[in-house]
Amino acid sequence: SQSAYGANEPRRGSLPPPSRRRPAAGAPPAPGRRAARLRAAPRAAPHLRPRAPLPQLHPPPPPRLLLRPLPLPPPPAPPMLPTAAHTAFLANSLLLAHLPSAPPLYSLLFLASPPLLRPNEFTYPALLRASPPRTALALATHSLKFLGAGAASSDRVLGSALLDAFARCGRIASCRRVFDRIAEPDLPAWNALLTAYARRARDSSCAGEAAEILELFARMVSSTVPPNEITLVAVVGACGELGALGHGLWAHAYALKRRLTVNCYVATALVEMYTRCGKMDLAEQVFAGVTDMDTCCYNAMLQGLAFHGHGRVALTLFDRMCAEGFPVDSVTVLAVMCACAHAGLVDEGQWLFDRMEIQFGVTPRIEHYGCMVDILGRAGHLDVAEKLIRGMDITPNAAMYRSLIRACGIHGKLEIGERMIQELMRLEPEHSGNYVLLSNFYARMKLWEDAKKARKEMKAMGIDKSPGSSLLDINGVLHEFLMGDKTHPASREIYAMIQEIQARLKECGHRPSTTAVMFNVEEEDKVGALSYHSERLAIAFALIASSPGAPIRIIKNLRVCSDCHESTKLVSRVYGREIIMRDRTRFHHFRDGHCSCGDFW
């Protein structure tokens, strides 16, 4: 019967079939069915047996892409030749890399024959500013040739660079032409032009350039360009040159109102302006407020004190400068020596001259020797001054001989004066000012024939003496007077006031000193010539046009003569007015019949 487990299931306790029996331990395994079939199949020859596959020597080919490959880029275009703009740019970069020694390279690139390249508006600005004045002038001329006269109007950077180049070379006319071509000048252009006029006014002491600065500054203020500190320095310097105190005060107030930085440069310019306008109190106030003090600011104050004859005060300030550790330079020593010269401090000036190299490390220059000769000549030590000139280590210049000749004329030393005249004419035989000096010297000695001979030589050479002129500031308006001038609109009132002044001075016992007239004419004519000197015309107009009691400020281009000096002292007492007069050498403060120079000038 069938088991409950199925027909094919073995009964419990029966043995399994032979295929499922486990071999006994240690017996060899029974061959399986596959092995039995292989033994039954016929055996193949050894050389026909299948071999194992050889290893692949190359990687398999990549799988086939289903996307299309990208197209190959086109072949590169042939290189383009550089254009003129590219070559000029490379040349300008090369010039910038070789500054400040680029002018030879500029000549090689642009001035060859034929020229290799042509410059553009970017070639010149940096080159002009980095070159010395003569080279900058040549480059500026080349720029006008290559770029045209109107290039500065379209490029402000180039226009400012050309203005600066012409200004450094003193070419005011060229500088003004470039400026006038600029449609809308910017701040650098204004500053370059104003600085050019300021440098010209300072070097030549010409009132025309200084007045032009004030006019340009008025135009600048009315435009949309705001001034800065550089502008202020130029304008304040012009006010000092003209003695225009009103304009200087306005410029100072404008700077404070616009909150411009009053650094050491601006403070130095303000100190110089106030000292040259005769306001030492304001100069001292500005000087005391300087926070970044330097040697230049001290030098400006020392020069102002020397200009006003305050020799003792200058020596005290010089001691303070040395105590505070500021370096002493040649300008410092020269300013202190000039202060000693105007105050008659011979021993102090001699001490400083002897100690300047040992104690302060300043090598004496020709200016220091000339100042020492002036100190000795003013004091009447003419023999010592001549000995100093002949024993100098450096060659004397004409200014030293002129200084000693003037001193000989004042002190009546004819022999020394004639020796100095021979040396002067040997050094500068064709200088126009020498013949004027000779004529004045012989006239002081009352050698009229020699004075006449000198004036004949002047006329033969076409030389004429510069006329005396005086500037007067009345309510911000400058009035200029020449000797015997009748072109002023109020000339009738002026000459009537001169007659009144002469009458009142005569009542005070004044007798004119006719030694200042350099012609052999009658005494009455000499008195008439003295009455119409330019400073007397200015004083007469000031008494008419100014407010009662207001100070009178006059600037002369020549040294004040002795008779005008005496008469001005009396005018200050009779009319009760303070008169501040600046001549070519120093200031004179007339008050109550006395002068601050102590009659030593």
Side-chain angles (χ1 to χ4, degrees), residues 201 204-215 218 238-248 250 276-278 464-506 510 512 516-519 524-561 563-572 574-584 587-588 590:
S204 62
S205 299
C206 182
E209 277 75 12
E212 188 69 24
I213 290 175
L214 298 182
E215 294 180 6
C239 296
E241 188 65 35
L242 289 172
L245 179 62
H247 293 80
W250 182 88
R276 294 182 70 84
C277 290
D464 193 10
K465 182 180 178 180
S466 299
S469 66
S470 296
L471 281 175
L472 177 68
D473 186 2
I474 299 292
N475 298 325
V477 180
L478 295 176
H479 302 265
E480 185 176 14
F481 299 91
L482 300 178
M483 179 180 176
D485 189 8
K486 295 184 178 181
T487 60
H488 196 277
S491 59
R492 181 177 299 179
E493 293 83 356
I494 291 173
Y495 280 88
M497 177 58 70
I498 286 179
Q499 298 299 324
E500 177 188 331
I501 292 173
Q502 287 181 345
R504 296 191 64 176
L505 295 184
K506 189 175 181 180
H510 174 65
V517 180
M518 304 303 175
F519 299 97
E524 184 179 353
D525 296 332
K526 291 183 179 182
V527 173
L530 288 172
S531 301
Y532 304 131
H533 279 186
S534 61
E535 58 266 41
R536 299 199 181 193
L537 299 177
I539 291 173
F541 179 70
L543 292 175
I544 297 171
S546 63
S547 303
I552 300 173
R553 304 179 186 278
I554 300 172
I555 298 177
K556 277 185 59 66
N557 65 332
L558 301 176
R559 184 176 179 272
V560 60
C561 70
D563 185 72
C564 288
H565 190 270
E566 291 296 323
S567 63
T568 305
K569 289 196 298 184
L570 288 177
V571 168
S572 67
V574 171
Y575 288 89
R577 304 290 288 270
E578 180 184 3
I579 302 175
I580 304 169
M581 185 183 299
R582 188 184 91 190
D583 66 5
R584 189 175 59 184
F587 262 94
H588 301 266
F590 300 96

Nearest heavy atoms of Thr568 and Met581, plus distance in Å: OG1-CE, 4.0 Å
Contacts of Ser469 that satisfy side-chain contact (heavy atoms from CB on, under 4.5 Å) - sequence neighbours left out: Glu480, Leu482, Asn557
Nearest heavy-atom neighbours spanning Leu558 and Asp583: O-CB, 3.2 Å
Atom pair CD1/NZ of Ile579 and Lys569 - distance to nearest 0.5 Å: 12.5 Å
Those residues that, when tested against Glu493, pass side-chain hydrogen bond (donor to acceptor under 3.5 Å, both in side chains) (two or more places apart): none
Parallel, tilted or perpendicular: ring planes of His488 versus Phe481, cut at 30 and 60 degrees: parallel
Steps toward side-chain contact (heavy atoms from CB on, under 4.5 Å) verdict (Phe590, Arg577): CA-CA 8 Å; Phe590 300 96; Arg577 304 290 288 270; over 6 Å; no
Spacing of Leu543 atom CG and Glu500 atom CD [to the nearest 0.5 Å]: 8.5 Å
Shortest non-hydrogen separation from Glu241 to Ile555 and the atoms involved: O-CD1, 4.3 Å
Separation between NE2 of His588 and CD1 of Ile580, rounded to the nearest 0.5 Å: 12.5 Å
Atom pair CG (Asp485) and NE2 (His479), whose distance is rounded to the nearest 0.5 Å: 12.5 Å
Inter-residue atom distance Ile554.CD1 - Cys564.SG, 0.5 Å rounding: 10.0 Å
side-chain contact (heavy atoms from CB on, under 4.5 Å) between Cys277 and Arg553, worked out: CA-CA 8 Å; Cys277 290; Arg553 304 179 186 278; 5.6 Å; no
Shortest non-hydrogen separation from Ala210 to Leu242 and the atoms involved: CB-CG, 3.4 Å
Shortest non-hydrogen separation from Gly248 to Cys239 and the atoms involved: N-SG, 3.5 Å
Arg582 side chain to Arg276 backbone, donor-acceptor under 3.5 Å: yes
From Lys486 atom NZ to Leu537 atom CG, the distance as rounded to the nearest 0.5 Å: 10.0 Å
Minimum heavy-atom distance between Leu505 and Ser567, given as atom pair plus value: CD1-CB, 3.9 Å
Set of residues satisfying side-chain contact (heavy atoms from CB on, under 4.5 Å) with respect to Ala218, sequence neighbours excluded: none
